[in-house]
Amino acid sequence: MTASSAEVDEEDFCRMCGWDGDRFWENGQPTAALCDSCGSESGTGDFGASPGSWDGVAQLHRFRGWWLGAGAEWSHPRSRPAEWDLFAQLANIPPPWREPVPAPVDRERRIAERERYGSLGTETVCRLCGLSGETYWHRGAPTGLRCPCCGAESGIDDLAVPGDWYSLAGIRALRGYWAARGGPWYLPEKRPVDWDVLRQFGNLPAEWR
Ligand SMILES: [Zn+2]
Ligand SMILES: [Zn+2]
């Protein structure tokens, strides 16, 4: 138990997904409640998280990013509202758990480390948000494109080894952070009127989920 997590006494919203169906933390202690929506258990997936910095909350974003990329399935499907609004639910996540901005990117280092990561050859789907139709990677090399939807830059923000759980942490954390902010479009004029983020996540290749 860290001092900073004990400052938050009672929490009725899941830190990962914003579901309000339970008491997750009480008197600074986890209740071990299982979230009906994302399936995380308070005191397990969110243990050790602490407000105030990206590093303190990145694990929450990482779990959320994994859950969303995997289809955002409900662990207790009968609790799912008929007209479920994902972004409305995520907006319930208390600000201390979703507002610290990502740690600054060391571009030179990312570029130097690219060789250690991988690609699927030519990729026309954003590894973070699943938007399709742009060329993010061409024959194994990043195009440097900024995704019109999530704003991630290929070759900088999306480095990972395909299908490797640990190396996917950075992609998942940024996906979860972006979604918790309401999924803002980098180029808002490109946002379809009937945009469906969950359908878009469905485009993600299995290797990047
Ligand atoms: Zn949850
Ligand atoms: Zn994207």
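Both counts, for ligands and for their atoms, begin at 1 and track the order of listing.
Computed with the Zn ion (ligand 2) at the centre, the Cys126 SG to Cys147 SG angle is 110°, stated to 10 degrees. Angle subtended at the Zn ion (ligand 2) by Cys150 SG and Cys129 SG: 110°, rounded to 10 degrees.
Taking the six-membered ring where the residue is Trp, Trp54 and His61 present parallel rings, their angle staying beneath 30° rather than reaching 60°.
Considering all non-hydrogen atoms of both residues, Val125 and Asn203 come closest at CG1-O, 3.7 Å. The shortest heavy-atom contact between Arg64 and Ala180 is NH1-CB, 3.4 Å.
Taking the charged nitrogens against the carboxylate oxygens, Glu113 and Arg116 do have a contact shorter than 4.0 Å, which makes a salt bridge.
The cationic group of Arg172 does not satisfy the cation-pi geometry with Trp208, failing either the under 6.0 Å distance to the six-membered ring centre or the 45° limit from the ring axis.
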May I have the list of side-chain donor-acceptor pairs in residues 148-159 shorter than 3.5 Å, sequence neighbours left out?
unit_1	atom_1	unit_2	atom_2	d
Glu153	OE1	Arg107	NH1	2.9
Glu153	OE1	Arg146	NH2	3.4
Glu153	OE2	Arg107	NH2	2.9
Ser154	OG	Tyr136	O	2.8
Ser154	OG	Thr143	N	3.4
Ser154	OG	Gly144	N	3.0
Ser154	OG	Leu145	N	3.3
Asp157	OD2	Glu153	N	2.8
Asp158	OD1	Gly155	N	2.7
Asp158	OD2	Trp137	NE1	2.8

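Listed by chain and number, the protein N, O or S atoms at a distance under 2.8 Å from the Zn ion (ligand 1) are Cys14 SG, Cys17 SG, Cys35 SG, Cys38 SG.
For the ring-ring contact (aromatic ring centres under 6.0 Å, His included) with Trp19, the qualifying choice from Phe13, Trp74, Trp84 is Trp74, the only one to do so.
Checking Cys149 against the Zn ion (ligand 2), every N/O/S atom stays at or beyond the 2.8 Å cut-off.
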